[in-house]
Amino acid sequence: MDCVQQAVKSLPGRRTIFGGVPRAGRPLITIIMMAICVAAYALDLAIPNGFIFQNFAYAPFLTESEPWRMLTSAFLHSSSIMHIAFNMYALWILGNALEPAFGRIRFLAVYLVSALAGSVGVLMLSPVDTVVVGASGAVFGLFGALFVVQKKRGGDLRQILVLLAINAAIGFIIPNIAWQAHLGGLIAGALCTWAIAYAPSKNRNLIQWGSIAAVVVVLLALSIYKVSTFPTFLIG
């Protein structure tokens, strides 16, 4: 984390070294993402018959008919308090480190693309009737982002690798945790951040946003391909 904080402190002009606009105060996007997750969790508990879960959770067989679930599911959590508590704690820690360095818009882009990629990971690697919710795909995307930033700044990668290994192991040991979402989010978050961190100063914005858009296009192409392989009764 020290190298990330140093990246914000050594600001060249009015931009961070990653091209973001430096802002004082709390990480606004991180707080908004957390607030949406907490509000959705509270609504899901308050509204009877699982209305929120049934209408906004994601399952691969719903990809063509209700594609928005690939993102909305990232703001929902199971009824277990530990599920949302862990994700919100991780989001707070990672958001405080990354949002000031990236700037709000780039941080939001990495977060949402990672969330989408988590659902694509489930689509590609899970049974079609697998139902998933949770911000862990997006959170793992931020883990991937932090890894790339630390590598760019020459920081110690061992702590991040240990955290990733522990969380990856949990996904295989504890039931009902979608390691597929973790993997998808991790890869997408790392790819987006690689473009943000290593884009040359010349045409930096174009390269950064073009690369992030390319990641989204690949995710959409993978989704379309996978849906095309479903039996017709699932998509007809």
Side-chain angles (χ1 to χ4, degrees), residues 1-13 15-23 27 29-30 33 74 86-87 89-118 120-121 135-172 179-219:
M1 299 285 186
D2 291 340
C3 283
V4 181
Q5 294 168 353
Q6 185 61 33
V8 181
K9 291 177 181 177
S10 55
L11 300 176
R15 295 279 176 172
T16 72
I17 65 168
F18 302 115
V21 177
R23 300 179 188 274
I29 299 301
T30 299
M33 295 300 102
F86 174 80
N87 280 338
Y89 174 75
L91 174 54
W92 177 248
I93 297 299
L94 293 166
N96 270 279
L98 294 171
E99 185 177 333
F102 288 175
R104 291 173 180 173
I105 302 302
R106 286 169 177 78
F107 177 78
L108 179 62
V110 172
Y111 186 85
L112 293 179
V113 172
S114 299
L116 174 63
V120 174
S136 56
V139 167
F140 265 75
L142 298 184
F143 273 122
L146 184 61
F147 179 89
V148 173
V149 169
Q150 288 283 74
K151 188 177 189 306
K152 169 69 174 178
R153 299 294 298 170
D156 188 353
L157 300 175
R158 289 174 295 181
Q159 290 184 351
I160 302 174
L161 290 173
V162 170
L163 284 173
L164 284 173
I166 292 172
N167 284 279
I170 290 174
F172 288 99
W179 62 266
Q180 300 90 341
H182 297 176
L183 180 62
L186 178 68
I187 293 173
L191 287 175
C192 289
T193 305
W194 193 274
I196 291 172
Y198 287 90
S201 56
K202 184 178 181 180
N203 298 319
R204 179 170 58 185
N205 287 340
L206 178 63
I207 293 171
Q208 288 176 338
W209 290 110
S211 299
I212 292 172
V215 173
V216 174
V217 169
V218 170
L219 293 174

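Along the sequence shown, the residues carry numbers beginning at 1.
Here the NE2 atom belonging to His182 is positioned 13.0 Å from the CD1 atom belonging to Ile187, to the nearest 0.5 angstrom. From Thr30, atom OG1 reaches atom CZ of Phe107 across 3.5 Å, with rounding to the nearest 0.5 Å. Considering CD of Gln208 and CZ of Phe102, their distance stands at 9.5 Å, rounded to 0.5 Å. Note that OG of Ser114 is 9.5 Å distant from CG of Leu191, once rounded to the nearest 0.5 Å.
Taking the centre of each ring, Phe140 and Phe143 come in below the 6.0 Å mark.
Every residue meeting the ring-ring contact (aromatic ring centres under 6.0 Å, His included) condition with Tyr198, not counting sequence neighbours, appears here in chain and number order: Trp194. In this structure Ala195 satisfies the side chain to side chain contact (heavy atoms under 4.5 Å, CB included) test together with Ser211, sequence neighbours excluded.
Taking the side chain as every heavy atom from C-beta outward, Ile207 and Lys202 never approach each other to under 4.5 Å. Residues Thr193 and Phe147 have side chains not in contact (no heavy-atom distance under 4.5 Å, counting atoms from C-beta outward). At least one side-chain heavy atom of Leu91 sits less than 4.5 Å from a side-chain heavy atom of Tyr111.
Closest approach of Gly184 to Ala117, counting heavy atoms only: O-CB, 3.3 Å. Scanning all heavy atoms of the two residues, the minimum distance from Lys152 to Ala197 falls at CE-O, 3.3 Å. Annotation for Asn87 and Ala135: closest pair ND2-N, 3.5 Å, computed over non-hydrogen atoms. When every heavy atom of Leu98 is checked against every heavy atom of Leu142, the shortest pair comes out as CD1-O, 3.5 Å. The two residues Val148 and Ala190 make their nearest non-hydrogen contact at CG2-O, 3.6 Å. Here the closest non-hydrogen pair linking Ile17 and Arg204 is O-NH1, 3.4 Å.
Of the possible donor and acceptor atoms, none in the side chain of Gln180 sits under 3.5 Å from a partner among the backbone N and O of Gly121. Not one N or O on the side chain of Arg106 forms a donor-acceptor pair closer than 3.5 Å with the backbone of Ile196. Distance alone, capped at 3.5 Å, is enough to place a donor-acceptor pair between the Thr16 side chain and the Ala101 backbone.
For CG of Leu161, the number of neighbouring non-hydrogen atoms (other residues, nucleotides, ligands) closer than 6.0 Å is greater than 12.
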